Chemist: 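Take a look at this one; I'll ask things after.
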Amino acid sequence: MLDAKMVRAQPEMIETALRNRNQIGLLENFLTLDNQRRTLLVEAEEIKKFRNEASQEVGRQMKQGLTSDDLVDRVRQAGQKIKELDQKLNEVESAIENIMLNLPNIPDASVPVGANEESNRVVRRWGEPRQFEFEPQAHWDIGPDQGILDFERAAKLSGARYTVYKGLGARLERAIINFYLDTHVYQHGYEEIFPPFLVNRECMVGTGQLPKFAEDMFKIEGRELYLVPTAEVPLTNLYREEILEEKNLPRYMVAYTACFRAEAGSHGRDTRGVIRQHQFNKVELVKIVLPDQSFEELETMTQDAEKVLQLLGLPYRVVLLSTGDMGFSSAKTYDIEVWMPSYNDYKEISSCSNCLDFQARRTNIRYRPASKEKIRFVHTLNGSGVAVGRTVAAILENYQQEDGSVVIPTVLRPYMGGLEQIGQVQSRVD
RNA sequence: GGAGAGAUGGCCGAGUAUGGUUGAAGGCGCUCGACUCGAAAUCGAGUAGGCGGUUAAUCCCCGCCUCCAGGGUUCGAAUCCCUGUCUCUCCGCCA
């Protein structure tokens, strides 16, 4: 959520920023509603002041045994008027809130302006895409061939866009999760969290999934509970409605969760393999930091995410998203894209965002400065560290051998019981 | 699932049977000051958040709101009534 005072003070600036995000005309009603709100508020407050003073006077009079029916009557009428004004005020305020909750964050000045991903800027690359001396296969072929991914039986259980991992495939998934968690906890200093996978509506509003993107989420029938689309939601909301001490900042958290997305509006995209699923695993990083440190923290968080790909030996590039391609809550986002031979292109495997105080306002997470200044909103950041299913796909494709087997990256071998490759040596049961 | 208890400031905890100057006693913590070579102890002072008015303005000053949330009763609600949420205890069930 944006600062209403800022929107009021410089609507042109906000309007421009929104246009860069392909959002037009959202501010029109805000200014008039905002004026209405203050008029009503001042009027209601005046009458409330009268009521407070007068009812105290009534109390004094009653103690002395003399009551003024006239005064009592006037206070009663004031009460009626207050009720009316408060009701109007409520309507205006919920209309304002409705606008505010649907306004995306303002892109940072360093973000390239553009309508879509074509304006994204590649900021660096790591590793060289491998030159294959044979025709490389896609992971959606390698997986079933090796008996480690089963899309057909997954469809029998749950439908399209689900995957069953079997044998060493399941173990590989689990190994990657552990490798990511261990790296971020023991090398990068994040606190490991294991949160619920179901969260309430307030959490979803807090991080910005709701109210605007309800169709992307799975909701539990008959309850106000949602399956988490990313661990960003529970992690960021951990400190909702809290005032943190400055000495306890920054907070670095990492969590593995399954993630659930209805992916409405993405039909026909990435239909093969594990790239776009309704359920997938992800290790997520979240930082809660002091306002003047958030951009620095975004850089280090992105590097933390890159590190695991480097350790896995997977070539990637880092892309600064343009204004038109950024997520709703973000002011600045780096995507990390891993080399995917089946696409003959880089494919998103992580997204690292600085949300500034946008989510902090929605979740009301603040901190008390050590210097006794006023309480302020924290800044929040989140980044994938990184998507697990896409890592499996990248490993299968980048480490495949001509005979169909797949070499296991050395850093994962301790997590795989020392196993050096998948395929050939293992016994399979179809 | 059944029965009961509870939710008050950064924390603990009074106030709720008898509604009124209680944004809220007391304690802890914290900040500043005194004492001290310094520290501890002691003593003194201060210490909620939000919204709005005013203002060049963060400061002051003034007002309104907030004692889990939402309704209601009343001239007036932390206190009375209703609904909801959450927490705790006991019983049952369960991985």
Side-chain angles (χ1 to χ4, degrees), chain A residues 1-10 30-97 99-101 194-206 220 222-226 234 237-249 251 258 288 290-292 357 360-378:
Chain A
M1 196 146 58
L2 301 175
D3 181 359
K5 284 180 193 153
M6 184 173 71
V7 180
R8 190 186 300 153
Q10 27 194 342
F30 174 81
L31 294 173
T32 47
L33 285 169
D34 185 58
N35 272 324
Q36 268 180 43
R37 183 182 89 91
R38 271 175 301 160
T39 309
L40 286 167
L41 192 63
V42 169
E43 194 181 347
E45 283 185 359
E46 264 171 31
I47 303 175
K48 281 177 185 173
K49 185 185 177 188
F50 164 74
R51 180 180 64 180
N52 290 343
E53 289 170 351
S55 62
Q56 274 187 25
E57 175 62 22
V58 170
R60 274 192 294 273
Q61 289 178 355
M62 283 181 122
K63 240 169 221 166
Q64 293 168 19
L66 38 103
T67 52
S68 156
D69 290 343
D70 176 55
L71 187 57
V72 169
D73 208 52
R74 277 164 58 206
V75 177
R76 187 182 289 131
Q77 283 169 16
Q80 274 304 316
K81 185 70 181 166
I82 288 168
K83 202 178 259 181
E84 287 169 28
L85 287 171
D86 275 350
Q87 198 183 334
K88 273 188 216 163
L89 197 58
N90 274 337
E91 286 166 18
V92 171
E93 280 181 339
S94 64
I96 290 173
E97 196 191 355
I99 292 174
M100 295 302 284
L101 285 177
F194 191 69
F197 291 5
L198 285 169
V199 297
N200 59 29
R201 180 185 169 82
E202 286 71 35
C203 290
M204 288 297 200
V205 172
I220 303 302
R223 297 174 192 247
E224 207 53 60
L225 283 175
Y226 300 80
N237 277 283
L238 257 190
Y239 294 101
R240 196 172 79 216
E241 307 289 344
E242 290 193 39
I243 300 172
L244 307 171
E245 296 298 328
E246 177 172 346
K247 64 172 189 279
N248 294 328
L249 294 175
R251 302 211 63 87
I288 297 180
L290 296 174
D292 59 348
D357 61 3
R361 282 178 194 286
R362 290 171 160 249
T363 48
N364 202 24
I365 305 175
R366 296 169 293 173
Y367 77 99
R368 196 182 302 281
S371 58
K372 277 245 154 188
E373 292 163 53
K374 271 188 66 172
I375 286 172
R376 300 182 61 188
F377 287 109
V378 298

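This is a predicted model, so every value here is computed, not measured. Quick note on labels: first sequence line is chain A, next is B, and so on, each numbered from 1.
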Chemist: Pick base, sugar-phosphate or nothing for V75(A), based on heavy-atom distances below 4.0 Å to the nucleic acid.
Modeler: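 It contacts sugar-phosphate atoms only.
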Chemist: Looking for any heavy atom pair under 4.0 Å, which part of the strands does N52(A) touch: base, sugar-phosphate only, or nothing?
Modeler: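 The answer is sugar-phosphate, as N52(A) gets under 4.0 Å only of primed atoms, P, OP1 or OP2.
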Chemist: Do Y239(A) and E241(A) meet the criterion of a side-chain donor-acceptor pair at a distance under 3.5 Å?
Modeler: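 On atom types as modelled, these side chains do not qualify, holding no pair under 3.5 Å.
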Chemist: Hey, does R74(A) reach any base, or is it just sugar-phosphate, or nothing, if we go heavy atoms under 4.0 Å?
Modeler: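 Here R74(A) touches no strand at all.
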Chemist: Determine whether the side chains of N35(A) and R38(A) contain a donor N or O and an acceptor N or O closer than 3.5 Å.
Modeler: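 N35(A) vs R38(A): donor-acceptor pair found between side chains.
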Chemist: Quote, to the nearest angstrom, the P distance that separates G4(B) from C67(B).
Modeler: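 Going atom to atom, P in each nucleotide, I get 27 Å.
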Chemist: Look at D86(A) together with K83(A) and state whether they make a salt bridge at an N to O cut-off of under 4.0 Å.
Modeler: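 The answer is no: the pair does not qualify as a salt bridge.
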Chemist: Roughly how far apart, to the nearest Å, are C81(B) and G19(B) at atom C1'?
Modeler: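 One C1' to the other, the span is 13 Å.
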Chemist: Count the heavy atoms belonging to other residues, nucleotides or ligands that lie under 6.0 Å from CD of E242(A), then report whether that count exceeds 12.
Modeler: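 Enclosed.
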Chemist: Under 4.0 Å from any atom of RNA chain B, heavy atoms only: list the residues of residues 85-95 of chain A that qualify, in numerical order.
Modeler: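 Of all residues in residues 85-95 of chain A, none places a heavy atom under 4.0 Å from RNA chain B.
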Chemist: What is the glycosidic conformation of A17(B): syn, defined as within 90° of 0, or anti?
Modeler: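 Syn for A17(B); the angle stays within 90° of 0.
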Chemist: Quick one: pull up CD1 in I243(A) and CZ in F377(A) and give me the separation to the nearest 0.5 Å.
Modeler: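 Answer for the CD1-CZ pair, I243(A) versus F377(A), is 10.0 Å.
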Chemist: Using a 4.0 Å heavy-atom cut-off, does R376(A) contact any base of the nucleic acid, only the sugar-phosphate backbone, or nothing at all?
Modeler: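 Contact class for R376(A): none.
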Chemist: For the C1' atoms, the ones on G50(B) and on C37(B), what distance do you get once it is rounded to whole angstrom?
Modeler: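 Looking at atom C1' only, G50(B) and C37(B) are 48 Å apart.
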Chemist: Just jot down the side chain to side chain contact (heavy atoms under 4.5 Å, CB included) partners of R51(A), sequence neighbours excluded, or say none.
Modeler: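 For R51(A), the residues satisfying side chain to side chain contact (heavy atoms under 4.5 Å, CB included) (neighbours in sequence not counted) are K48(A), V75(A), I82(A).
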Chemist: Categorize R8(A) for me: base, sugar-phosphate, or nothing, with a 4.0 angstrom heavy-atom threshold over every strand shown.
Modeler: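 Contact class for R8(A): sugar-phosphate only.
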Chemist: Given the rule in the side chain to side chain contact (heavy atoms under 4.5 Å, CB included) test, do V92(A) and L40(A) qualify, once you have shown the distances and angles that lead to the verdict?
Modeler: CA-CA 9 Å; V92(A) 171; L40(A) 286 167; 3.9 Å; yes
Chemist: Is the side chain of N200(A) donor-acceptor paired with the backbone N or O of C203(A) at a distance under 3.5 Å, no angle test?
Modeler: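 Yes; judged by distance alone, with no hydrogens or angles, the pair exists.
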Chemist: For I375(A), answer base if it contacts any base atom (sugar-phosphate contacts may also be present), sugar-phosphate if it contacts only those atoms, and nothing otherwise; contact means non-hydrogen atoms under 4.0 Å.
Modeler: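 Sugar-phosphate: the residue I375(A), judged by heavy atoms under 4.0 Å, touches backbone atoms but no base.
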Chemist: Please give me the minimum heavy-atom distance between R240(A) and T363(A), naming the atom from each residue.
Modeler: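 Minimum heavy-atom contact is CG-O, 3.0 Å.
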Chemist: Does F194(A) have any ring pair (Phe, Tyr, Trp, His ring centres under 6.0 Å) partners at least two apart in sequence or in another chain, and if so, which?
Modeler: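 Residues passing ring pair (Phe, Tyr, Trp, His ring centres under 6.0 Å) with F194(A): F197(A).
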Chemist: So what does K5(A) hit on the nucleic acid, given a heavy-atom distance under 4.0 Å: a base, only sugar-phosphate, or nothing?
Modeler: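 Counting heavy atoms under 4.0 Å across all strands, the contact made by K5(A) is with sugar-phosphate only.
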Chemist: What stems involve RNA chain B, if each pair must be Watson-Crick or G-U and both of its distances must be under 3.5 Å, with 3 or more such pairs in a row?
Modeler: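 Looking at RNA chain B, the stems formed by three or more consecutive pairs are B:1-7 with B:85-91, B:10-12 with B:26-28, B:29-34 with B:42-47, B:48-53 with B:61-66, B:68-72 with B:80-84.
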Chemist: Using the C1' atom in both, what is the distance from A69(B) to G6(B), to the nearest Å?
Modeler: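 Result for the C1' pair: 16 Å, nearest Å.
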Chemist: Spell out, as yes or no, whether a donor-acceptor pair under 3.5 Å connects the side chain of R362(A) to the backbone of V205(A).
Modeler: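 Side chain of R362(A) to backbone of V205(A), a donor-acceptor pair under 3.5 Å: yes, one is there.
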Chemist: Using atom P in both nucleotides, what's the gap between A78(B) and G71(B) to the nearest angstrom?
Modeler: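 Straight-line distance between the two P atoms is 15 Å.
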Chemist: So where does chain A start and stop touching RNA chain B, 5' to 3', when the test is distance under 4.0 Å to a non-hydrogen atom?
Modeler: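 In short, chain A contacts RNA chain B from G10(B) to G76(B).
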Chemist: Rounding to an integer number of angstrom, what distance separates G49(B) and G9(B) when you compare their C1' atoms?
Modeler: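 Each nucleotide's C1' atom is 9 Å from the other's.
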Chemist: For atom P, what is the distance between C28(B) and C90(B), given to the nearest Å?
Modeler: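 Here C28(B) and C90(B) have their P atoms 33 Å from each other.
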Chemist: Go through the structure and list residues passing salt bridge (charged side-chain N to carboxylate O under 4.0 Å, His left out) with E57(A), not counting sequence neighbours.
Modeler: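 Once residues adjacent in sequence are excluded, the partners of E57(A) under the salt bridge (charged side-chain N to carboxylate O under 4.0 Å, His left out) criterion are R60(A).
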Chemist: Give me the distance, rounded to whole Å, that separates U18(B) from G13(B) when you measure between the P atoms they each carry.
Modeler: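 Nearest-Å result for U18(B) against G13(B) at atom P: 26 Å.
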Chemist: Report the residue (R76(A) or E45(A)) whose heavy-atom-nearest nucleotide on RNA chain B is the more 5′ of the two.
Modeler: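 With R76(A) and E45(A) compared, the 5'-side residue is E45(A).
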Chemist: Quick check: closest heavy atoms across N364(A) and R366(A), and the distance to 0.1 Å?
Modeler: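 Shortest heavy-atom separation between N364(A) and R366(A) comes out as OD1-NE, 3.3 Å.
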Chemist: Both G79(A) and G59(A) contact RNA chain B. Taking the nearest nucleotide for each, which residue is further toward the 5' end?
Modeler: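 It is G59(A) whose nearest nucleotide is closer to the 5' end.
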